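Data block below; observations after.
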Amino acid sequence: MTNLLIAGIGGQGVNTLANVLAEVCRLSGKNCQYTVHKGGAQSLGTVYAELRVASGNSPVLGSSIPKGKLDVLVAMDPWEALRHLPLAHAATKSWVESEIMPLFVERSGEMNNKTPLLNPLRQLQRLPLEIGWRHYRRDAIEQTGTPKMANYLAGLDCIGGLGINDVAVFEHIFFNTIPASNKYRESFCI
Amino acid sequence: MRWGSGIVTPKFADGNAAIAWAAEDAGVRYVSHYPGSPVNRVIDVIEKNNSNNIIINHSLNEHIAALSAMGASLCGARSLVVMKHVGLNIAADPLNYAGVIKITGGMVVVVGTDPGAHSSTGEEDVHWYAPQFNLPLLEPVSVPGIYESVKNAYQISERIQLPVLVFTPGRLAYQSSLIERDKIPDEPALLRFDKNPEKLINVGKRAVENHKDHVLRLARYALETSCTTQAFNPASKYGIITRGCTYAVVCELIEGSGLGEEVHLLNIERTYPVNLEEILAFAKDKEKIIVIEDQDGFLETMIKREAFGKVSCSIYGKEYFPAWGEITYEQILDFFTQEFPSEFSNDYEQVPEIEFTCPERPGTFCEGCPHRPAFYAIDQALNACDGVIGGDIGCSSLPPHRTDWLLCMNAGIGLSQGIAQVLPERPLVSTGGEGSLFHGGLISLQSAVENNINLTHVVFDNRSIAMTGHQGSPTSSGNTDARKLFDSIGVSHIFEVDAFVPSKITHAIEKAKSLRGVKVIWIRGDCALQPNQEALRRLRERTLAIDNDRCGSCTRCYSELQCPAIVKEPVTAHLSIDMDRCRRCAACLDVCPNNAILVSDPAMEVMCD
């Protein structure tokens, strides 16, 4: 069993990426199920997807990744990486976006009279975990002119984490699942 | 009925799609619903590729949804009703009578439950309605299980001429697994309505006879049919009973720990009515039985009720597991670790010692959302005088939670009336979206008129049931003239205002405060995620920027309007507009006291500064 968690916020394409990855797993002969958690808001709130990929034909069971059983973490925001760290174990592979997305408690007055928030990057750097720092958003903007394709770059790390080496299958499914992304296909030199 | 043939390639589906596919494959001809998470996407899936020409009733509330489906099933059509758990409260009145009318077309009521309140204002346990309605209740354990259960529910429904409830928790509704579809090649039933006063004029002696027939029909069915599946060691003295989502977690833990020889697991899929014979057979040689389930302990209660005095072993449940929140893997693991310490002493992987702080990020209004400037304006009108803001559910309830309560649908307009009557001097507005208004708020508004209550009600009209996936509303269809409606029920003053000009909203509320009667502040502004032609034009042609020389650093746009597109530079603390995020609504223009927002728009006559 391999447990993968994609963390982000509404509007970053976490749900779509989970959908793509499940299909890639299926085509790679892996038994997979996934659950998307998106809360009530249409955008900007915490969103995450849990993928549970079984070894061989063993069934995938509970929908949640248990504490200490997270094998791969791909986070499109450092706060969202922190949020799911209780699930991690000492050998969890992690890739984390280094750009911090807006956090609204900082401007709403809810933090008044409370301990100031510690920078999530510094908090992550202090932890005994190996983290691959990423610039999904910046790289997507540089290559395509829009941050929307950041989930494509995060997806490449996800399939790497799952041990799926056939990038062409991922690309095929990604661009077929999200037709609007096809105009950026050339930008990634595919 | 023949089930089989027509198997197609497995495809990924979430619980919502599984419900929709099952209904399609069972030959459903009529669907009614009121949108609500976690089953908000079922109708989208059916509507997207409605090759069976299923009739869809986009009901304005669950009461109508339930009754209309009962009507269709009385005529022989297979029907599906979809609603969230709290919607069952609204549908409860007709569903109390659904058992006596003897439907001829199968009727399935799918209810999205929400243990943990992930997408609701509460985690109310609606299981108790099943014995109240005296209708069968199925609880699948997986997404493929949902597909099979919903199809199976039509067989059950037609066999005993009762609607069948199927509960789907959020965990399964948003989980995706592979499903193999299996279409039913049945001939569609001939649709007809037969007059039958014996069962449809349900009063007096007939009501009692119909009730008796209903009770006995279901009791016979309960004893004749199996409602369980078993796993692991039947010879074990230790029994575990599960339902719904807990089954998968318990199986995973037992298999992962090699505990299979130590326990005997019984999953009950039809949790009402249970088959007593099956329960007694399972309990016969057990010394201890634990019921592991989310929420109140419905199944535990049903089992104890049925098996009272008939089993010798102890049955436990809520002594070990809480009645609130979802039952987690970790809670069940802790329980097993105490019960079977040798098998579970070292289950956790090596977890690094980590300490960190991470605030909740609950989401907020989108950029360009009409609720943002509307609430800013309400704050401006009421904050200084400590006014009360009555809140309703839906997108207007999103953080930063500017209302004074967030409970059930139409709690804004309802609670406010009592407060307005006992504290007439306290400034107050009630609020609610147009979806809530047509769900039941209109009656509340008329009730306020009839009771001469001095009330200002704010209607956020974004022409969409936005939070649950942008289902249409009467103001988007064009079929309903809201102004005439307000006029005709006796609303004394109607203020129609643009959501993106908060100063005008504030002015309207101030004016309404000085008037007596029931006043409606009708705030119009389309959902940012459903942009109209003008919104799309603005997005293409309008640009905005902040002139930092004029900016007085009052931060109203940043910390009070709280537009996500307005960002603060970390070093200089200067504010700027992130044009990747900005939807060009220009609400910030009206908020800025220093004219520091620069707008360039060819549609405007002059360049504003």
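When reading the values below, keep in mind they use all heavy atoms of this one structure, side chains included, and skip hydrogens, waters and symmetry mates. Reminder, nothing fancy here: chain letters follow the sequence lines and each chain counts from 1. Keep in mind that what you see is a predicted model, and the values were worked out from it rather than measured.
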So P86(A) and F356(B), do their side chains get closer than 4.5 Å, heavy atoms only? yes
How about CD on E130(A), more than 12 heavy atoms from neighbouring residues, nucleotides or ligands closer than 6.0 Å, or not? no
If every non-hydrogen atom of R171(B) is compared with every non-hydrogen atom of S63(A), which pair is closest and at what distance? CD-OG, 3.1 Å
When only pairs under 4.5 Å are counted, which of S177(B), P564(B), A173(B) shares the most heavy-atom pairs with chain A? P564(B)
Heavy atoms from other residues, nucleotides or ligands near CG of N383(B) exceed 12 (cutoff 6.0 Å): yes
Against chain A, work out which of L178(B), D14(B), V143(B) has the most heavy-atom pairs shorter than 4.5 Å and name it. L178(B)
If the threshold is 4.0 Å, N to carboxylate O, is there a salt bridge linking E252(B) and R52(A)? yes
I need the C25(A) SG to F12(B) CZ distance, nearest 0.5 Å. 7.0 Å
More than 12 heavy atoms of other groups within 6.0 Å of Y247(B) OH: no
Working to the nearest 0.5 Å, report the span between OG1 of T35(A) and CG of L172(B). 8.0 Å
Contacting region of E50(A) [heavy-atom separation from chain B under 4.5 Å]: side chain
When every non-hydrogen atom of Q123(A) is compared with those of T357(B), the smallest separation belongs to OE1-N, 2.8 Å
Is it true that the NZ or CZ of K38(A) lies under 6.0 Å from the centre of Y174(B)'s six-membered ring and within 45 degrees of the ring axis? yes
Side chain, backbone, both or neither: which part of P66(A) has a non-hydrogen atom closer than 4.5 Å to chain B? both
Checking heavy atoms, do the side chain of D578(B), its backbone, both or neither come under 4.5 Å from chain A? side chain
Given heavy-atom pairs under 4.5 angstrom as the criterion, report whether the side chain, backbone, both or neither of D77(A) touches chain B. side chain
Is the backbone of Q175(B) close enough, under 3.5 Å, to the side chain of Q33(A) for a donor and an acceptor to pair up by distance? no
Under-4.0 Å salt bridge between E360(B) and R83(A): no
Nearest non-hydrogen partners of C358(B) and W79(A), listed with the distance: SG-O, 3.4 Å
Side chain, backbone, both or neither: which part of L70(A) has a heavy atom under 4.5 Å from chain B? neither
Quick check against the 3.5 Å criterion: does T46(A) have a side-chain atom that pairs as donor or acceptor with the backbone of P362(B)? no
Below 4.5 Å from any heavy atom of chain A, which atoms of F365(B) appear? Answer side chain, backbone, both or neither. backbone
Geometric class of the H118(B)/H37(A) ring pair [parallel <30°, tilted 30-60°, perpendicular >60°]: perpendicular
Where does S176(B) contact chain A at under 4.5 Å (heavy atoms): side chain, backbone, both or neither? both
What distance separates D580(B) CG from R137(A) CZ, expressed to the nearest 0.5 Å? 6.0 Å
